[in-house]
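Read the structure below first, then the notes.
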Amino acid sequence: MDYFDSLETRSADERAADHLAALAKQVVHAKASSPFFTNKLADINEADVAGFEGLAALPVTRKSDLTEAQASTPPFGGLNAVPLNTVRRIFASPGPIYEFDVPRRDYWRLARAFFAAGFRPGELVHNSFAYHLTPGGWMLDDGARALGCGVIPAGTGNSEQQVAAISHLRPQGFSGTPDFLKVLLDKGEDLSLDLSSITKALVSGGALFPSMRADYKDRGVCVLQCYATADLGLIAYESEAAEGMILDEGVHVEIVMPGTGDPVPDGEVGEVVVTSLTPEYPLIRFATGDLSAIMPGASPCGRTNRRIKGWMGRADQTTKVKGMFVHPSQVAEVMKRHPEISRVRLVVTREETNDVMTLLCEVASGGDGLTDGIAESLQSCCKLKGNVEIVAPGTIARDGVIIEDQRDYEA
């Protein structure tokens, strides 16, 4: 088989007609089954989603809406469209936001991404996403098993134990963050353990830089990435063509002007807004906070769905560093702890294959040890180590930027 299923090669007209029918049905279902959307879409009916323009007129739902709803109406804020006694697992994401899954095959639809990355039934996958409270491990685990692969539930950390397991069990593939694959391969070399059985990888949770992909290729591993969230499941994925990310068949994606619900023209960078067709958790026009853009044409691999350019930053300046989100509010907290600082900017760069954070701090005067103290606060607030650079007042531009991502996503 060249494709996961026939949905991937539908004509654009067929897909559009199918999606419009499914979207109208999902709006009706959400209103009837999810108390959150019963209220949010009270004035909306199926006829209002007769075209994509109608969908674009519906209100946007943001993560802050989920947090507020769940705080006032635990456990899921009325977002669930199934009874609580049908839930299989419950997870926690930053916010906090609580998500769930149900005992349905490939609930998050990750099997499609595994197939596009070259995984096939009967193979063994070493899964290094976290399994504890966070959903990443289970999402990839379920997708691999739905495809017919066995899974080593490795989780995070314990790199020596993980490479020993890889050397002994000889899995064909890896799933995890882009950075952690390098950790394991390097550790295997340090311990003289053979990890050459891994020839393919599906990664997510961080940027896969071209230089990083090339390095893995030199080491005999073909690495492709996917874009998925706990709220929505799979959104987009790479194929062997590695030209943009193909949208999943189980979601409808819009690119809108950040902070609004207004779609932008194809090719223009904007915020990714997703409507999920998952019946148990029917998110309608959910704003991810991520930036991307629609690419022209179809993928050379033959899959006909639209493509996005991949992750291009955060609409709210939040960025991922070493697979972890860093928020402007965390940077502001560092500043609050040190009254000597008049202005800050966190600059994120790339040195070889490593993310590097440098906190620029405007300080008129400060005593000995200030830099070390700020560095300790930075690690405490952001849960990541970073450099601190003291600069003179007036050095940092007054442009409202708190986090400046200088990493070259094309290099």
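This one's a predicted model, so the numbers in the text were calculated from it and none came from an experiment.
Salt-bridge annotation for D18 and R15: absent, with no side-chain N of the basic residue lying under 4.0 Å from a carboxylate O of the acidic one. Of the charged side-chain nitrogens involved, at least one lies within less than 4.0 Å of a carboxylate oxygen, so that R213 and E238 count as a salt-bridged pair. Electrostatic pairing of R112 and D5 counts as a salt bridge here, judged by a charged N lying under 4.0 Å from a carboxylate O. Remark: E249 engages R10 in a salt bridge, criterion side-chain N to carboxylate O under 4.0 Å. Comment: R62 engages E271 in a salt bridge, judged by a side-chain N to carboxylate O separation of less than 4.0 angstrom. Electrostatic pairing of D43 and K31 does not count as a salt bridge here, judged by no charged N lying under 4.0 Å from a carboxylate O. The residues K322 and D355 are annotated as not salt-bridged, no charged nitrogen and carboxylate oxygen being separated by less than 4.0 angstrom. At a threshold of 4.0 Å, the pair R88-D142 counts as salt-bridged, since one of the basic side-chain nitrogens sits closer than that to a carboxylate oxygen. Salt-bridge check for D231 with K63: passed, with a basic side-chain N closer than 4.0 Å to an acidic carboxylate O.
A donor-acceptor pair under 3.5 Å is absent between the side-chain atoms of S167 and the main chain of A164, judged by distance alone. In this structure, the side chain of Y216 engages the main chain of P178 through a donor-acceptor pair within 3.5 Å. Between the T275 side chain and the R285 main chain, a donor and an acceptor come within less than 3.5 Å of each other.
Around CD of E351, the count of heavy atoms belonging to other residues, nucleotides or ligands within 6.0 Å does not exceed 12.
For the atom pair NE2 of H29 and CZ of F37, the computed distance is 10.5 Å after rounding to the nearest 0.5 Å. With values rounded to the nearest 0.5 angstrom, T278 atom OG1 is found 11.5 Å from D101 atom CG.
For Y281 and F100, the ring centers sit closer than 6.0 Å to each other. Less than 6.0 angstrom separates the ring centroid of F52 from the ring centroid of H252. Between W108 and F129, the distance separating the two ring centers is not shorter than 6.0 angstrom. Close placement of the Y131 and W138 rings is indicated, their centers lying within 6.0 Å of each other.
A side-chain donor-acceptor contact under 3.5 Å links Y227 and D290. Side-chain polar atoms of E99 and S93 form a donor-acceptor pair below 3.5 angstrom. Of the N and O atoms on the side chains of T395 and R343, not one donor lies less than 3.5 Å from an acceptor on the other residue. Judged by distance alone, the side chains of E68 and Q70 never bring a donor and an acceptor atom under 3.5 Å apart. At a cut-off of 3.5 Å, with distance as the only test, a side-chain donor of S377 or H338 sits close to an acceptor on the other residue.
Listed here is the closest heavy atom pair of G188 and V163: N-CG1, 4.0 Å. Of all heavy-atom pairs between G267 and A293, the closest is O-CB, 3.8 Å. V151 approaches L124 most closely through the heavy-atom pair N-CD1, 3.9 Å. The minimum heavy-atom distance between V273 and A287, with the atom names listed, is CG2-CA, 4.0 Å.
Judged by a 6.0 Å distance limit and a 45° cone about the ring axis, R303 is not positioned over the six-membered ring of Y3.
Just one of V388, V391, I396 meets the side-chain contact (heavy atoms from CB on, under 4.5 Å) condition when paired with C361; it is V388.
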>> Between Q162 and S128, is the side-chain hydrogen bond (donor to acceptor under 3.5 Å, both in side chains) condition met? List the steps.
In response: CA-CA 9 Å; Q162 290 206 34; S128 286; 2.8 Å; yes

>> Under the criterion salt bridge (charged side-chain N to carboxylate O under 4.0 Å, His left out), I'd like the reasoning laid out for E123 against K200: C-alpha separation, chi angles, the key distance, then a yes or no.
In response: CA-CA 11 Å; E123 294 181 335; K200 65 194 77 173; 2.9 Å; yes

